[in-house]
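Naming: A, B, ... by sequence-line order, numbering from 1 per chain. Just so it is clear, the values below take in all heavy atoms, side chains as well, and ignore hydrogens, waters and symmetry mates.
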Amino acid sequence: MTDKNITENQEEKKSLNFIEQIVEEDLKSGKHKEIITRFPPEPNGYLHIGHAKSIILNFGLSETFHGKTNLRFDDTNPVKEDVEYVDSILEDVQWLGYKWHGDVHYASDYFEQLYEWAVKLIKDGYAYVDDQSIEEISASRGTPTQAGKESPFRNRSAEENIDLFERMRKGEFKDGEKVLRAKIDMSSPNMHMRDPIMYRIKHSEHHRTADKWCIYPMYDFTHGQSDYIEGITHSICTLEFENHRPLYDWFLDHIYEEGRTRPRQIEFARLNLSYTVMSKRKLAELVEKKLVSGWDDPRMPTISGLRRRGYTPEALQLFAEKVGVAKRENIIDVGLLEYSIKEHLNRTAQRVMTVLDPLKVTITNYPKDKEEFLSAINNPEDESMGEREIPFSRTLYIEKEDFREEANRKFFRLKLGGEVRLRYAYFIKCNEVVKDENGNIIELLCTYDPLSKGGKSPDGRKVKGTLHWVSAKHALNVEVKLYDRLFSDESPDGHKEKDFTEFINPDSLTVTENCKAEPFLKTAKVGNRFQFERKGYFCVDKDSSKDKIIFNRTVPLRDSWAKKNF
RNA sequence: UGACCCAUGGUGUAACGGUAACACAGCUGGUUUUGGUCCAGCCGUCCCAGGUUCGAAUCCUGGUGGGUCAGCCA
């Protein structure tokens, strides 16, 4: 290989994001022989696409650098957590295509070790039991621009503190009566360093440890140590934890033993998507107020919602890759998410013809009892998917919007006296429009050109439009749910005066029954994805039954015609 | 009137001191039995002001703008 080639190859190499650069340097310098990352959700809600970004980042890192990724539940607050959430999180991570290293970990597995470390800190003079009320502690913390005041209990002896802490554990005190605090600096410019609380009393049932404990460690006294216990090398979290890093390091300083792996916290910007909300609180509110059907409503940005909508793990991975990783606040255009799924499905989805809004068409010169089968390509992007047969007969359905009695020459579809191609079938010409007493078009009388079978034009005659269609006699009745963005505002929670629910899009869901599908769809199973030609990508919803298939529209096809005529 | 972080086209991300790249969106045009796909082209001078340097989007200083922090949440 020449020098030039080497240079070119290096240039072609995809540039690394700042976290990948750190990892690469740590490996190159020998700081770590192998990296271990972790995905550490609190089981207090369903995962959303922002979590997907984090999952893909953490697992992706260990894939590209041949390391490991742990899955750990940060379950230090029993009143907010539930097994329902751990189950859904487990499902979502696996669905995304990742396998965590070893067993699932829980911060609650480390409660005993954490307790011992707390005792050590007390003995070393770095922690104390505070009897102040929640209000007193809050008041004495100061403000970002004003130093706090030291607690009157700050200088208790180690012996007294140990005794009190042990009695806290035994359950001798009520919730809120006492806390364990780190003794750092009440005048620190960093609020998190003003004697942060390490333990609080909560007499409540934990979903895993039941009533074994009545004192629970805070996030700050748990996370770094859990990373340390697991040998995590790179502890990646979102930007709002930036101010916690000095505390993360402070606790580690006081328990660290020479020779062991010391984790490093690195922060990146969380994902924000336009036209939706991402906070767990707001998503929960949508569910509670029944503004959506549940956490997995196809309009929700949750992983379960996107899955039900028809998104694929590959699409979310592509999306995460396109979005990138940096420290800048961002709002990603949902269009990029839609691009990602279209990109994947265009290559992989079975094509099929379905008429969403049927208009009856009778081919007057086609024999009454005749039917024939025509060959259609399953996926023009993938020849290996082969072809299928579609029934054709005298009575058909086409899309209502594909016909106009009169239209200018920009309208490529069927008009009175005009000719179009029925995809894979024949050229047809519309000769007469049948209307009901109110003047609504209820049927078109057309003639076909028998020589144009397969949609070909033996005489070289051109038509501008090609329509999808379904034979009425063979049609399968299906229900289709069309989705639009849940909010009509680009940043629904970005308005100080208005609540985000005020921006709910009233037309985010359209249910259309009596859609006509080609018989191929008879055997479609829940979760199957298709492209309905000219209409978009659809997948079979879990609410489907034997006699009624329900399709969710994942995303429409790009439609430059509709756009121009808007 | 504090600390920390951030600042590149409409949206994201890259360029690691050598003269702005990639993707999405948008707009033109071409191909096409999906007004899909695909292909070609167009669309920024890097928040501002100083400084260092032969040379700065990249380094320094000061502004300005935005974000985070005053839970016994994570």
Side-chain angles (χ1 to χ4, degrees), chain A residues 14-17 21 40-42 44 74-77 79-81 130 132-134 137-139 141-148 175-181 188-194 196-202 215-216 218-220 222-223 237-246 267 269 274 280 321-340 342-343 346-347 351 353 376-377 380-381 410-413 421-425 427 452 454-457 463-468 531-536 556-565:
Chain A
K14 195 176 106 253
S15 64
L16 303 176
N17 66 49
Q21 287 180 25
E42 184 191 17
N44 69 342
D74 231 334
D75 55 348
T76 58
N77 188 358
V79 306
K80 289 193 173 179
E81 299 153 8
D130 196 340
Q132 291 185 105
S133 69
I134 186 165
I137 288 178
S138 177
R141 188 160 13 232
T143 70
T145 54
Q146 257 173 256
D175 288 12
E177 252 184 89
K178 287 181 167 45
V179 289
L180 183 71
R181 291 232 253 170
S188 170
N190 182 340
M191 297 292 289
H192 298 282
M193 300 301 273
R194 321 244 263 228
I197 289 164
M198 295 164 62
Y199 272 90
R200 74 289 215 193
I201 300 169
K202 277 180 191 286
I215 57 171
Y216 291 92
M218 297 285 289
Y219 166 86
D220 285 308
T222 306
H223 204 92
C237 61
T238 45
L239 248 28
E240 62 268 31
F241 291 100
E242 229 158 15
N243 292 337
H244 294 241
R245 189 170 1 112
E267 312 85 12
S274 63
K280 262 183 205 174
E321 184 192 306
K322 297 284 178 203
V323 158
V325 177
K327 300 189 74 165
R328 188 157 36 142
E329 299 285 339
N330 59 73
I331 300 179
I332 310 294
D333 187 342
V334 267
L336 188 64
L337 183 63
E338 294 170 351
Y339 158 79
S340 303
K342 283 189 278 196
E343 205 286 326
N346 177 50
R347 287 165 20 229
R351 267 60 166 176
M353 292 198 286
I377 294 165
E381 306 297 314
K410 291 278 193 152
F411 185 78
F412 298 167
R413 286 109 107 137
R421 166 169 38 233
L422 292 182
R423 183 150 227 231
Y424 300 124
F427 281 21
S452 62
K456 294 176 188 70
S457 149
V463 287
K464 286 292 257 180
T466 300
L467 310 185
H468 61 284
Q531 183 194 100
F532 289 1
E533 297 224 28
R534 305 208 301 137
K535 295 271 89 177
L557 253 29
R558 183 162 178 267
D559 189 348
S560 44
W561 161 250
K563 204 176 296 175
K564 278 179 191 162
N565 289 275

> For the atom pair NZ (A:Lys178) and CD1 (A:Ile201), what is the distance rounded to the nearest 0.5 Å?
Replying inline: 7.5 Å
> So, for A:Phe427 and A:Gly455, which heavy atoms are closest and what is the spacing to 0.1 Å?
Replying inline: CE1-O, 3.5 Å
> Heavy atoms under 4.0 Å, any strand shown: does A:Tyr424 hit a base, just sugar-phosphate, or nothing?
Replying inline: base
> When you compare B:A40 with B:A20, how far apart are their C1' atoms, in angstrom units rounded to a whole number?
Replying inline: 22 Å
> After noting the C-alpha distance and the side-chain angles of A:Glu533 and A:Thr466, does the key distance pass the side chain to side chain contact (heavy atoms under 4.5 Å, CB included) rule?
Replying inline: CA-CA 11 Å; A:Glu533 297 224 28; A:Thr466 300; over 6 Å; no
> P atom, B:C47 versus B:U13: distance in rounded Å?
Replying inline: 14 Å
Anything under 3.5 Å between a protein N or O and an N or O of nucleotides 36-42 of chain B, put it in a table, one pair a line.
{"unit_1": "B:G36", "atom_1": "OP1", "unit_2": "A:Ser560", "atom_2": "OG", "d": "3.2"}
{"unit_1": "B:G36", "atom_1": "N2", "unit_2": "A:Glu381", "atom_2": "OE2", "d": "2.9"}
{"unit_1": "B:U37", "atom_1": "OP2", "unit_2": "A:Arg558", "atom_2": "NH1", "d": "3.3"}
{"unit_1": "B:U37", "atom_1": "O2'", "unit_2": "A:Asn346", "atom_2": "ND2", "d": "3.2"}
{"unit_1": "B:U37", "atom_1": "O2'", "unit_2": "A:Glu381", "atom_2": "OE1", "d": "3.3"}
{"unit_1": "B:U37", "atom_1": "O2'", "unit_2": "A:Glu381", "atom_2": "OE2", "d": "3.3"}

> For atom C1', what is the distance between B:G51 and B:G12, given to the nearest Å?
Replying inline: 32 Å
> What pairs with A:Arg245 under salt bridge (charged side-chain N to carboxylate O under 4.0 Å, His left out), at least two apart in sequence or on another chain?
Replying inline: A:Glu267
> Counting any heavy atom closer than 4.0 Å, what does A:Ile331 reach on the DNA or RNA strands: base, sugar-phosphate only, or nothing?
Replying inline: sugar-phosphate
> Between A:Arg245 and A:Ala326, which has a closest nucleotide on RNA chain B that is more 5'?
Replying inline: A:Arg245
> Considering only heavy atoms from C-beta outward, does the side chain of A:Pro40 approach that of A:His223 to under 4.5 Å?
Replying inline: yes
>> Between B:G10 and B:C48, how far apart are the two C1' atoms, rounded to whole Å?
In response: 22 Å
>> Going by side chain to side chain contact (heavy atoms under 4.5 Å, CB included), A:Ser274 matches just one of A:Val334, A:Leu337, A:Leu336. Which one?
In response: A:Val334
>> Output the rounded distance in Å from CD1 (A:Ile332) to P (B:G12).
In response: 6 Å
> For RNA chain B, what is the dot-bracket line, given that a base pair needs Watson-Crick (N1 to N3, plus N6-O4 or O6-N4) or G-U wobble (N1-O2 and O6-N3) geometry with both distances under 3.5 Å, and | means paired with another strand?
Replying inline: .((((((..((((....[..)))).(((((.......)))))....(((((..]....))))))))))).....
> Which nucleotides of nucleotides 68-74 of chain B have their base under 4.0 Å from a protein heavy atom (B), which only their sugar-phosphate (S), and which neither (-), written as one string 5' to 3'?
Replying inline: BSBSBBB
> Within the structure shown, what part of the strands sits under 4.0 Å from A:Val463 by heavy-atom distance: base, sugar-phosphate, or nothing?
Replying inline: nothing
> Which heavy atom of A:Arg413 sits nearest a heavy atom of A:Leu467, and at what distance?
Replying inline: CG-CD2, 3.6 Å
>> Could you go through A:Tyr339 and A:Lys322, starting from their C-alpha distance and side-chain angles, then the distance that decides it, and tell me whether this counts as side chain to side chain contact (heavy atoms under 4.5 Å, CB included)?
In response: CA-CA 10 Å; A:Tyr339 158 79; A:Lys322 297 284 178 203; 4.2 Å; yes
Could I get a table of every N or O pair under 3.5 Å where one atom is in the protein and the other is in nucleotides 16-24 of chain B?
{"unit_1": "B:C16", "atom_1": "N3", "unit_2": "A:Gln21", "atom_2": "OE1", "d": "3.3"}
{"unit_1": "B:C16", "atom_1": "N4", "unit_2": "A:Gln21", "atom_2": "OE1", "d": "3.3"}
{"unit_1": "B:C16", "atom_1": "N4", "unit_2": "A:Gln21", "atom_2": "NE2", "d": "2.1"}

> Does some side-chain heavy atom of A:Arg558 sit less than 4.5 Å from a side-chain heavy atom of A:Asn346?
Replying inline: no
> If the C1' atom of B:C60 is compared with that of B:A21, how far apart are they to the nearest Å?
Replying inline: 27 Å
> Looking only at atom C1', what distance separates B:A74 and B:G35, rounded to whole Å?
Replying inline: 49 Å
> What about A:Arg534: does its side chain form a donor-acceptor pair under 3.5 Å with the base of B:G35?
Replying inline: no
> What is the distance from NZ of A:Lys464 to C1' of B:U34, rounded to the nearest Å?
Replying inline: 14 Å
> Hey, does A:Phe411 reach any base, or is it just sugar-phosphate, or nothing, if we go heavy atoms under 4.0 Å?
Replying inline: base
>> For a quick check of understanding: with a heavy-atom distance under 4.0 Å over all strands, which category does A:Arg413 fall into, base, sugar-phosphate or nothing?
In response: base
> Partners of A:Glu329 by salt bridge (charged side-chain N to carboxylate O under 4.0 Å, His left out), sequence neighbours excluded?
Replying inline: none
>> Say we look at B:U45 and B:A14: how far apart would their C1' atoms be, to the nearest angstrom?
In response: 16 Å
>> Please report the distance separating the C1' of B:A23 from the corresponding atom of B:U19, rounded so that it comes out in whole Å.
In response: 23 Å
>> Can you confirm whether A:Asn190 sits close enough to A:Pro246 that some side-chain heavy atom of one is under 4.5 Å from a side-chain heavy atom of the other?
In response: yes
> Do you know the tightest heavy-atom contact between A:Tyr219 and A:Thr76?
Replying inline: N-OG1, 4.4 Å
> Once you round it to whole Å, what is the distance between C1' of B:G66 and CG of A:Asn330?
Replying inline: 13 Å
